[in-house]
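What follows is one structure encoded as structure tokens, with my remarks underneath.
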Protein chains: 2
Amino acid sequence: MPAVSDAEDTAVRAKQIPEAAVARLAVYLRILSGLAEQGATTVSSEELSAAAGVNSAKLRKDLSYLGSYGTRGVGYEVQVLVSQIERILGLTRQHRVAVVGIGNLGHALANYGGFPGRGFPVEALFDLDPDLIGVPVGGLPVSHMDDIPRVCSEREISVGIIATPPTAAQSVCDRLVAGGVQCILNFAPVVLQVPAHVEVRKVDLAVELQILSFHVARRADSAASAGAAGENQGNTGLPGTGRPADNGSGGGRNGAGTDGGLGMVVR
Amino acid sequence: MPAVSDAEDTAVRAKQIPEAAVARLAVYLRILSGLAEQGATTVSSEELSAAAGVNSAKLRKDLSYLGSYGTRGVGYEVQVLVSQIERILGLTRQHRVAVVGIGNLGHALANYGGFPGRGFPVEALFDLDPDLIGVPVGGLPVSHMDDIPRVCSEREISVGIIATPPTAAQSVCDRLVAGGVQCILNFAPVVLQVPAHVEVRKVDLAVELQILSFHVARRADSAASAGAAGENQGNTGLPGTGRPADNGSGGGRNGAGTDGGLGMVVR
DNA sequence: TGATGTGAAGGCATTCACAGCA
DNA sequence: TGCTGTGAATGCCTTCACATCA
């Protein structure tokens, strides 16, 4: 059997990597970059996993999806891991980013100007506000939302970040898609409708807070019922549950509905 | 057997709700609030699930963790569901919030002034910058970070949001914990060390973008190997994978390492 | 010897399919 | 009849434990 091509190899591996592992690989990558800057050349699974807040078995399994790049008895070469993770995550190409909705959040994103590990240069900004059009933010002038399709297409934008109020989100999304954008990061609390070839991820602060609230409430409740009336019926209190456990951050597509969210333009 | 108390009941149920379901409940809650505002009194699992972007079986299972509050052949009463979800998520109490790091992101959070569904009033702001101390942001004056423990304790803050640069995050976290904060929402790309009774969730934009990048790369790669050289060896290309599928947003604790992240103070 | 890499086992979460009830 | 509620089945992810190899 002939050796598979590089593209095929990457594709085959990538297919099999669990979604959850992908998220962690991105985390490992940041840590590894840090280690590299500090001059480290090798790491053990133990060290790396500790820094990432996972156990070492999980880390090794995650890395094994990349291939076998470690040395038994020694550890991993930092540079090798960095390259391999970047390859799998597709960070070898540039992903030009557009930010839509230049409120406070949009400002933060625009000023950021390229995300860690690079590969995500911000190359277009959009808003509705006439006072904002043309004004440079983070060195880049703001364009009007009506121009999203044209500008995105011209500048070959592949990632769109929606930081608008929820009511505007779907229409912004449609225009981004029309402009050829392939990925959308959505801060508006709305479920976006997109064609099959477009990938969406959502960040919802209200949901995050509510999840935290749940855990606190649960703890308070079980403490209450454990410590309260003597009628312990065996399945409640539980001794100190110990660590909060490695919570997979919730996610998936999200809620249409009431206004509100971080996307609003605050001025 | 005697009827269990309300607190016990909530505690017992809460224990059993899968983490993933909790995240979705928060989403349903937002949609339901929207429906309520529009005057709807009942919903079917079909409608609600469509709005939330999940299938109806999952929705029904999620709601069943609350108890049986639907009417067969009819659907759910919107108000009832709202109350029940709020109860389970612990949204009946107020969770006072402190925001640390008043950069762009911090501004956005501060101006938000209370998150959807309420229950999360922002009651303290902190930064290091002398020019910012005392300046009101969103109607609330900024305090110095050194005062975090005292102020948080005085104002009975239970939720801390870290929007600082990564280097400051752990020390901020320690002070929040000292101030009695129980939950932390961390925007800095660092793994925080906290005592067992403190709950942490992390939001990492760089990771989100990299996950998107992965999916695009994967698609491009498999397209390449499917359409390219004739040597199709049977397990690569795959016909159009169809929908991006309901991606559980990645998460868990995260990466220490290089500087960078959204937390920086941009001025 | 010491750390990686990985089958196998176990635990959650999702999906299915239908019983149960208004 | 129609929609909820839920056991059972399936599939995914994590954890364990040890074979493997520098």
Side-chain angles (χ1 to χ4, degrees), chain A residues 13 15-25 27-28 32 40-50 52-78 80-81 84 211 241-253, chain B residues 13-25 27-28 32 41-50 52-78 80-81 84 211 241-253:
Chain A
R13 291 200 183 291
K15 273 265 172 264
Q16 296 167 338
I17 302 184
E19 183 69 26
V22 172
R24 288 189 299 266
L25 284 173
V27 173
Y28 305 151
L32 287 164
T41 59
T42 62
V43 263
S44 68
S45 64
E46 210 61 58
E47 297 169 279
L48 189 48
S49 66
V54 303
N55 67 37
S56 63
K58 192 188 281 184
L59 175 116
R60 286 200 303 277
K61 177 134 291 203
D62 288 344
L63 293 186
S64 77
Y65 294 121
L66 307 173
S68 287
Y69 296 103
T71 307
R72 291 166 200 248
V74 179
Y76 302 87
E77 257 185 78
V78 174
V80 172
L81 282 190
Q84 292 305 324
I211 294 170
T241 319
R243 281 235 112 205
D246 186 271
N247 53 27
S249 119
R253 305 270 152 42
Chain B
R13 289 197 185 291
K15 272 264 174 268
Q16 296 167 337
I17 302 184
E19 182 68 26
V22 172
R24 287 190 298 267
L25 284 173
V27 174
Y28 305 151
L32 287 164
T41 58
T42 61
V43 264
S44 67
S45 63
E46 210 61 56
E47 299 170 278
L48 188 48
S49 66
V54 303
N55 67 38
S56 62
K58 193 188 279 182
L59 176 116
R60 287 200 303 278
K61 177 134 293 201
D62 287 344
L63 293 186
S64 77
Y65 295 122
L66 307 172
S68 288
Y69 296 104
T71 309
R72 291 165 200 248
V74 179
Y76 302 89
E77 257 186 78
V78 173
V80 173
L81 282 191
Q84 292 305 324
I211 294 170
T241 320
R243 280 234 114 204
D246 187 272
N247 52 27
S249 120
R253 303 270 152 43

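Quantities reported herein were computed from a predicted structural model and do not represent experimental measurements. In what follows, chains are A, B, ... by sequence order, proteins preceding strands, each numbered from 1.
- For D:dA22, neither phosphate oxygen OP1 nor OP2 lies less than 4.0 angstrom from any side-chain nitrogen or oxygen of A:Y76.
- With a 4.5 Å cut-off on side-chain heavy atoms, A:E19 and B:I211 count as touching.
- In this entry the distance linking CG of B:D62 with P of C:dC16 reads 15 Å, nearest Å.
- Listed pair A:Y69 / C:dA3 fails the phosphate criterion, with no side-chain N or O lying under 4.0 Å from OP1 or OP2.
- Protein atom CD of A:E19 is 12 Å distant from nucleotide atom C1' of D:dC13, rounded to whole Å.
- In the set C:dT14, D:dT14, C:dT6, C:dT14 carries the atom at the smallest distance from any side-chain atom of B:R24.
- Counting heavy atoms from C-beta on, the side chains of B:S49 and B:N55 never come closer than 4.5 Å.
- Between B:N55 and C:dT14, a side-chain N or O to OP1/OP2 separation shorter than 4.0 Å is absent.
- Residues B:Y69 and B:L63 fail the side-chain proximity criterion, which asks for heavy atoms closer than 4.5 Å.
- For the pair A:K61 NZ and C:dG7 P, the computed distance is 7 Å after rounding to whole Å.
- Phosphate contact (OP1/OP2 of D:dT4, side-chain N/O of B:S45, threshold under 4.0 Å): present.
- Atom CG of A:L48 and atom OH of A:Y28 lie 7.0 Å apart (nearest 0.5 Å).
- In this structure, the CD1 atom of B:I17 is 15 Å from the C1' atom of C:dC12, given to the nearest Å.
- A:R60 contributes no side-chain N or O that forms a donor-acceptor pair with the base of C:dT4 under 3.5 Å.
- As rounded to whole Å, 11 Å separates atom P of D:dG7 from atom OH of B:Y65.
- The salt bridge (charged side-chain N to carboxylate O under 4.0 Å, His left out) analysis of residues 62-72 of chain A, with sequence neighbours excluded, yields the pairs A:R24-A:D62.
- Rounded to whole Å, the distance from CG on A:L25 to P on D:dT14 is 11 Å.
- Rounded to a whole Å, the NZ atom of A:K58 is 19 Å from the P atom of C:dG10.
- Between B:R72 atom CZ and C:dG20 atom P there is a gap of 9 Å when expressed in whole angstrom units.
- Nearest-nucleotide mapping onto DNA chain D: of A:A21 and A:V74, the residue sitting toward the 5' end is A:A21.
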